Amino acid sequence: MASPPPPPPLTGAACDPAASIAILEIANLLSVPMALSAVIRLGVPAAIWRSGDNKPLSAAEILPSSTDPSLLQRLLRLLSSYNIFQEHISDTGTRRYSLTSLGQTLVGDASYAHYVLQHHQDALVRAWPKLHDAVLDPTGPDPFRRANGGVPAYEYYGTDPEANGLMLRAMKGVSEPFMERLLEGYQSGFDGVETLVDVGGSSGTCLEMIMKRVPSVRAGVNFDLPDVVAAAPEIPGVTHIGGDMFKSIPSGDAIFMKWILMTWTNSECAAILKKCYEALPNGGKLIACEPVLPEETDCSSRTRALLENDIFVMTIYRTQGRGRTEEEFRQLGLEAGFTGFKAIYLDPFYTVLEFLK
Ligand SMILES: C[S@@+](CC[C@H](N)C(=O)[O-])C[C@H]1O[C@@H](n2cnc3c(N)ncnc32)[C@H](O)[C@@H]1O
Ligand SMILES: O=C(O)c1cccnc1
C-alpha cells in the first residue's frame with residue numbers, strides 16, 4: 001500500500017527562525033504588563049527600593065511569606081528581560097534583583113505604578129477581547145461599554161470609589177514628571193495669567209504644580225466631573241468645581257487641559273473647544289497638552305507609546321476617540337474659532353498646543 005504523501009515543506013516567513021521567534025514573543029506580550037501588575041500588587045518595587053537602598057534581593061527575601069518563591073522569581077526574570085529589574089547571579093547561583101532606572105519609575109508617591117494598575121484592572125482588561133468589534137462596528141459602543149454592561153469608562157470610575165481613587169493616583173503619577181518638564185521649558189506660556197482653569201484637571205496636581213512655580217497665577221479652578229472633584233484633595237489657592245465640560249466651562253484668563261481631547265471623537269472635541277472659546281476673553285489662550293501622532297510610523301519607544309495609547313483610547317474610551325496629528329489639531333482649533341495655533345515639543349509624549357482666541 002502506498003504511504004501518504006509527506007506534508008508540504010514550510011515556505012516563506014514561517015520558515016524564517018527570526019520571524020518565528022518574533023511572532024512568538026508578540027503572541028505572549030500580554031505576560032509583560034500582567035507580570036508587572038502582579039509585582040506591583042505584591043509590593044516588590046517598594047520592597048527592593050527601601051528609601052533608595054535598592055539592594056539586590058532574592059525572591060525569597062522580597063516575599064518571605066511565600067511557600068514557593070520560584071514563582072515570583074519567574075516574574076522577575078521575565079521583567080529583567082524588559083530592563084525593569086537587573087538580575088544579579090551569585091557564585092552559588094542565587095538570583096537577586098535590583099531596580100533599573102526604568103524600574104525606579106514605579107516607586108515613590110507619584111509613580112507610574114498606579115497607571116500600570118489602572119490599565120490592568122478587571123473592567124478595563126475585559127474590554128480588550130472586543131477590540132475587533134470596534135473595527136467591525138465603528139459607530140457602535142466602544143469595547144469598554146460592550147464588556148461592562150453599557151457603562152462608559154468615566155461613568156464607571158465615578159460609581160466605583162476604588163476605581164475613582166486609582167484613576168486620580170494614576171493621573172497624578174503620570175502628570176508630575178511631565179509637568180516638571182513643562183515648567184522647565186514653558187513657564188513663560190503662563191505670563192499675564194491670573195486665573196487659570198484646568199478642564200478635566202482630575203486631582204488638581206497640574207494646577208498645584210503650576211501655581212507653585214508661576215506666582216502670577218493667583219487663582220486656580222480645577223474643573224472635572226462631580227464625583228472626581230469630590231475625591232480630590234484640598235489645595236491652597238485652588239477651587240474645585242464639578243460639572244460637565246460639554247455644558248459649560250468656568251471662565252478664566254487662560255484654560256489649561258491635559259489628556260482630554262484624545263479620549264473624544266472629532267465632533268465631541270469640536271464641542272469642547274467651542275466651550276473653551278466661549279469661556280476665554282479676547283486674546284486669551286487654551287493650553288492643551290496632548291499626545292500628537294507622528295506622520296511616519298517607526299519602531300521607536302516614542303512612536304510605540306503614542307500608538308499604543310491610541311489603541312488604548314479606542315478600546316476604553318471612544319472607538320472614534322484618537323491620537324491626532326499636529327495638523328488635525330490645528331484644523332480642530334480653527335473650526336472652533338481660534339485664530340492662532342502653535343505646537344511646542346518639549347516632552348516625548350505630550351505636545352503643548354496653544355490655541356489663541
Ligand atoms: C485622562 S484624564 C486626564 C486628567 C488630567 N488632566 C491629567 O492629565 O492628569 C481625563 C479627565 O477628564 C475628566 N472628564 C471626563 N469627562 C468630563 C466632562 N464631561 N467634564 C469634565 N471633565 C471630564 C475625567 O474625569 C478625567 O479626570
Ligand atoms: O485613563 C487613562 O489612563 C488614559 C486616558 C487618556 C489617554 N490615555 C490614558
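Remember, it's 1-based here, ligands and their atoms both numbered in the order they're listed. Just so we're clear, the structure is a prediction, and the values are computed from it rather than from any experiment.
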Are [X] and [Y] close enough for a salt bridge, meaning some N to O gap below 4.0 Å?
| X | Y | answer |
| --- | --- | --- |
| Glu180 | Arg213 | yes |
| Lys130 | Asp137 | no |
| Lys275 | Glu278 | yes |
| Lys212 | Glu208 | yes |

query = Taking distance alone, with no angle check, do Thr263 and ligand 2 share an N/O pair under 3.5 Å?
reply = no
Within-cut-off N or O pair, His119 and ligand 2, under 3.5 Å = yes
Where ligand 2 meets [X] - atom numbers and elements under 4.0 angstrom, heavy-atom basis:
| X | result |
| --- | --- |
| Met167 | 1 (O) |
| Met171 | 1 (O), 2 (C), 3 (O) |
| Gln118 | 1 (O), 2 (C), 3 (O) |

ask   = Which value, rounded to the nearest 0.5 Å, describes the distance between Leu30 atom CG and Asn28 atom CG?
value =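 If we round to the nearest 0.5 Å, Leu30:CG and Asn28:CG are 8.5 Å apart.
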message = I need the Ser37 OG to Leu117 CG distance, nearest 0.5 Å.
response =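 If I round to the nearest 0.5 Å, the distance is 5.5 Å.
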note = Across all chains, not counting sequence neighbours, the ring pair (Phe, Tyr, Trp, His ring centres under 6.0 Å) partners of Phe246 are Trp264
ask   = Would you say the side-chain atoms of Asn54 pair up with the backbone N or O of Leu99, donor to acceptor, closer than 3.5 Å?
value =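 Yes.
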task = Heavy-atom cut-off of under 4.0 Å around ligand 1: list whichever protein residues fall inside it, by chain and number.
result = Tyr154, Met167, Met171, Ser175, Gly200, Ser202, Asp224, Leu225, Val228, Gly243, Asp244, Met245, Phe246, Lys258, Trp259, Ile260, Trp264
task = Would you please say whether a donor-acceptor pair under 3.5 Å links the side chains of Glu162 and Tyr157?
result =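 No.
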For ligand 2, the portion of Asn309 having any non-hydrogen atom under 4.0 Å away =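 Asn309 to ligand 2: side-chain contact only, backbone stays beyond 4.0 Å.
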query = Counting heavy atoms only, which of Tyr317, Phe349, Phe312 comes nearest to atom 9 (C) of ligand 2?
reply =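 Among Tyr317, Phe349, Phe312, the closest heavy atom to atom 9 (C) of ligand 2 comes from Phe312.
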